[in-house]
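Right, one structure below, let's go through it.
First the proteins, then the strands, lettered A, B, ... as listed; each starts at 1.
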Amino acid sequence: MPNILFTRRSFVTAGCMAAGLGFSGSLAPARAKGLAPTPSMRGGANNYRPGAPIVDRIGNGGFLMHGTVRRAGDGMPLEGQRIQIWAHTTEGHERDLRSHGATLTDANGEFHLEMPQIVPAFGQAHGHLAYDSGAFETVYLRPVMPNSKDTTLSAHFVLQPK
Amino acid sequence: MDTKNVSPTQRILVWGVLATAIVVPLALSALSPLLAWRQPIYIAAGFAGVSAMVLMLLQPLLAGAHLPGLPPRWGRWVHRLVGGILVATIIVHVAGLWITSPPDVIDALLFRSPTPFSVWGVLAMWAIFGAAGLAAFRKSLGLSPRNWRRVHTALITVAVASSVFHAMLIEGTMEIISKFGLCVLVVGATAKTVADRRVWKN
């Protein structure tokens, strides 16, 4: 339906270009040789609650958050890393405890966590992910869904050893 | 428009279009499926934002005496009244969002938000507060009427453009076509009034 007049993406692009907003947040220098660590995204830590429990799924599920965790430099997949996830979903606001959960990466450095459908809030359908277990530098991500009807969202961590 | 020589048909048309432009975006926003997943304060904050956009359509029409049947003197009085309501509506919008998610609003107000639309929203807010402050302190500012009007118009131009970017970049409760239509009308009405009042001419 929105495509009748213009696509959201084209409008966003035009708006951004018109703004000439040079913020990108991705200008952090690569500190390790080889694979550079993932910088935290702006707003990534918003409504973060430390110590979210490891769960089989958040709420009733229906939406899949997934991604990978690797080590900066050599890119080795990291097993057993705790990733915390939260979002505004059909079952609760970002600040609600029930909207928060954590999962561990498998032997391939991959994580998957079912959660309720993410719905647009504060202008965008987006999720939040955090790594803050201590062995590596803390990273907060805030990926935006390309389409708010999507039922999956991915985010990838490259962690810098402390 | 010279509102003195308006036919009854034109009068009905103008008021009909205005009523539609006010009611339809608000009604469709009230039917948004997103409301099911929002708390009352967040819903109120969103509606305050939609209402502010609707009020921004009224303002140039009142300032430019484009509403048939409304004497210009009344129009200016209503323009000041609506300006006050607009400021209050923006405060409700920001306060409601702040209560809903404080870090997101703090990021926006400090211009460090990851979302471009919040930069536009904060810019529009300050431009409207500036335009309203200029009106509230008109006498004590001591500007010539021409300069006062130029500054007021400059602030309004920033406010209108920023508000349109703000609204169009958001995926929120407003239905996309009615939102686009309202934005076109706000830009059109503002441009027409600025052109008619010859703000930039000496």
Side-chain angles (χ1 to χ4, degrees), chain A residues 1-26 40-49 86-96 99 116-126 128 140-149, chain B residues 28 32-43 45-46 49 93-94 96-108 110-123 158 161-184:
Chain A
M1 183 169 60
N3 295 333
I4 294 168
L5 295 165
F6 49 80
T7 66
R8 175 169 299 279
R9 182 158 298 183
S10 70
F11 199 94
V12 168
T13 308
C16 291
M17 285 165 66
L21 292 173
F23 316 131
S24 79
S26 60
S40 281
M41 294 178 178
R42 284 197 292 161
N46 288 358
N47 296 318
Y48 169 67
R49 283 173 171 271
W86 68 103
H88 184 114
T89 70
T90 52
E91 293 179 23
H93 186 269
E94 272 180 19
R95 286 163 84 188
D96 299 337
S99 301
Q117 176 68 41
I118 294 179
V119 289
F122 279 75
Q124 291 175 328
H126 66 277
H128 291 268
Y140 297 102
L141 300 182
R142 184 189 178 281
V144 175
M145 286 159 63
N147 183 325
S148 61
K149 301 276 186 280
Chain B
L28 292 179
S32 167
L34 294 182
L35 297 179
W37 308 304
R38 294 185 177 195
Q39 293 155 334
I41 291 175
Y42 189 13
I43 293 172
H93 180 58
V94 176
L97 293 176
W98 188 309
I99 293 166
T100 304
S101 184
D104 285 315
V105 175
I106 292 166
D107 281 354
L110 296 177
F111 292 106
R112 64 178 191 203
S113 170
T115 51
F117 59 77
S118 43
V119 174
W120 291 115
V122 173
L123 203 62
V158 171
S162 304
S163 299
V164 167
F165 283 128
H166 177 64
M168 292 310 301
L169 289 170
I170 287 173
E171 182 165 6
T173 59
M174 289 191 84
E175 183 276 325
I176 187 73
I177 294 170
S178 62
K179 177 159 71 175
F180 184 73
L182 178 60
C183 288
V184 167

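Contact of A/Ala121 with chain B is made through backbone and side chain together, with heavy-atom distances under 4.5 Å. For chain A, the nearby parts of B/Leu97 are the backbone and the side chain; heavy atoms of each come within less than 4.5 Å.
More than 12 heavy atoms of other residues, nucleotides or ligands shown are found within 6.0 angstrom of CD1 on B/Ile43.
Taking the six-membered ring where tryptophan is involved, the planes of B/Tyr42 and A/Phe122 are essentially parallel, since the angle between them stays under 30° and well short of 60°.
Side-chain atoms of A/His93 come within 3.5 Å of backbone N or O of B/Thr100 as a donor-acceptor pair.
Residues B/Ser101 and A/Asn47 have side chains that bring a donor and an acceptor to within less than 3.5 angstrom of each other.
Looking at residues two or more places apart in sequence or on another chain, you find a side chain to side chain donor-acceptor pair (under 3.5 Å) between B/Ser118 and B/Ser113, B/Thr115. Judged as a salt bridge (Lys or Arg N to Asp or Glu O under 4.0 Å), and not counting sequence neighbours, the contacts of B/Arg112 are B/Asp107.
Nearest heavy-atom pair, A/Thr90 versus B/Trp37, reported as atom, atom and distance to 0.1 Å: O-CD1, 3.3 Å. Closest heavy-atom contact between B/Leu34 and A/Pro120: CD2-CD, 3.5 Å.
Taking the side chain as every heavy atom from C-beta outward, B/Glu171 and A/Gln124 never approach each other to under 4.5 Å. Two residues are said to be in side-chain contact when any heavy atoms from C-beta on lie closer than 4.5 Å; A/Arg142 and B/Pro114 meet this criterion.
When each of A/Glu94, A/His126, A/His88, A/Glu91 is checked for heavy-atom pairs under 4.5 Å with chain B, A/His88 comes out on top.
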